[in-house]
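First up is the structure itself, then whatever we jot down about it.
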Amino acid sequence: IQRINERLQLATQAANVGIWDYHIENKSLIWDENMYKLYGINPDNFSGAYDAWERGLHPEDLNRAAEELQTSIRSGKNFDTEFRVVWPDKTIHYIKADAIVYRDNAGLPVRLVGTNRDITESKNYEEELLLLNKSLSIHAEELKRSNEELEQFAFVASHDLQEPLRMVSSFMDQLKRKYADRLDEKALQYIHFATDGAKRMKQIILDLLQYSRASRPAEGQEKVDLNELLDEFKALRRNLISEKKASITSRKLPALNTHKAAMTQILHCLLDNAIKYSKEETKPEVEIDAIELENEWKFSVKDNGIGIDPQFYDKIFVIFQRLHNKDTYSGTGIGLSVAKRHVEFLGGRIWLESDPGKGSTFYFTLPKTK
Ligand code: ADP
């Protein structure tokens, strides 16, 4: 018995667990050595009575914990609760208490035997986590709001900018039409530059509008067969494909429940780029693949084009960022930023791998919908 006792004591000490035994009828309470440590008191200052336990409890937790203890005694159900203990030095410690009710032969509850365990550390950790979570969700909410405001701003600004721009363009036209014979070569060249600038600005405004719309699809979800989307692309770009002698191959693609317009833009952007950024004298070869994973689909669009230096992997997904001037390869730098917005709106990710000079593979995922 002594050895068993010794082992039990060592084990409870190691686990920082105190054992208590409460005799209901005479309200007497027996604590083992660890219990005193958990309450920060000296065994000499403990009367061994129920109210000695009550004295250690935090005033805000006392009534609830005492009530729960009485409920256990009345119902015979296990005692299982948490409360704070205030040590004589006023520091606060969190305790987890458990106990089972013993009954006599007549079935009446006579004893409660249980444990106390100090859970201050995990409680503090839990509270820190809760606070962190709260501040994170406040930040996420702020971010969402400012994002929406920015989108709204881009939408309104690009709408409102169109009108004055139209005015600039049409008066430049008038100027050219009515006064061309009275203007010298230089003046006509200035008009040409101004008109060209207005045209480019119009394109930027249209791109901005497209970008701001990218995360709020106009229509709902529908079944979209990606093989059909691919066929549509091939039909639409028939001339370009034959001009460049491009080959586009794919494995059988899935049909997904998704936003058709967004999906079309993602696919078109990646395929357009795969054909556009090809090497001179090399026929573009584009391969499309779809792999079914546990919770998502992973798509890839692989080309044999000029490739991208890894240092630009992030840059190319930013609106208006391009790696070439418009004379080498046409474009405004909007495609990938819109594709990224669509993919992220649909709950997926987009990234790439590339071997500069050999080709690139763009990947994107889409979560499976039920
Ligand atoms: P745009 O094609 O109009 O420039 P994108 O946003 O689609 O706009 O692409 C941004 C830049 O990323 C391109 O200017 C190009 O430099 C690079 N890029 C995109 N796709 C490819 C590709 N498949 N191979 C090589 N470079 C690419």
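Note that ligands are numbered from 1 as they come in the structure, with each ligand's atoms numbered from 1 the same way. Quick note: numbers below take in every heavy atom, side chains included, and nothing from hydrogens, waters or symmetry partners.
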Taking [atom] as the point of reference, which of [options] owns the nearest heavy atom?
| atom | options | result |
| --- | --- | --- |
| atom 27 (C) of ligand 1 | L271, N273, I308, L336 | I308 |
| atom 2 (O) of ligand 1 | F312, Y277, F317, Y329 | Y277 |
| atom 8 (O) of ligand 1 | G333, P284, G307 | G333 |

Exercise for the section: State whether a side-chain donor-acceptor pair under 3.5 Å links N5 with Q9. Expected result: no

Handout entry: Donor-acceptor pair between Y94 and E82 side chains, under 3.5 angstrom
Key = no

Problem - Cation-aromatic face contact R341/Y211, 6.0 Å, 45 degrees - result: yes

Practice task
Flag the pair W53 / Y22 as yes when their ring centroid distance falls below 6.0 Å, and as no otherwise.
Solution key: no

With respect to [X], determine whether any N or O atom, backbone or side chain, lies less than 3.5 Å from an N or O atom of ligand 1.
| X | result |
| --- | --- |
| Q321 | no |
| G331 | no |
| D303 | yes |

Problem - Test item, G305 contacting ligand 1 (heavy atom, 4.0 angstrom) - result: no

Practice task
Please verify whether a non-hydrogen atom of G359 lies at under 4.0 Å from ligand 1.
Solution key: no

Exercise for the section: Give the contacting part of T332 toward ligand 1: side chain, backbone, both or neither, where contact means a heavy-atom distance below 4.0 Å. Expected result: backbone

Problem - Residue portion contacting ligand 1 (non-hydrogen atoms closer than 4.0 Å) for F362 - result: side chain

Problem - Within residues 124-151 or reaching into it, pairs that qualify as ring-ring contact (aromatic ring centres under 6.0 Å, His included) - sequence neighbours excluded - result: none

Exercise for the section: State the atoms of ligand 1, each with its element, that fall below the 4.0 Å cut-off from a heavy-atom position in G335. Expected result: 5 (P), 6 (O), 7 (O), 8 (O)

Without placing hydrogens or testing angles, list every side-chain donor-acceptor pair under 3.5 Å for residues 95-107, not counting sequence neighbours.
from	atom 1	to	atom 2	distance (Å)
K96	NZ	D80	OD1	2.6
K96	NZ	D98	OD1	3.1
K96	NZ	D98	OD2	3.3
R103	NH1	G107	O	2.8
D104	OD1	A106	N	3.0
D104	OD1	G107	N	3.0
D104	OD1	L108	N	2.8

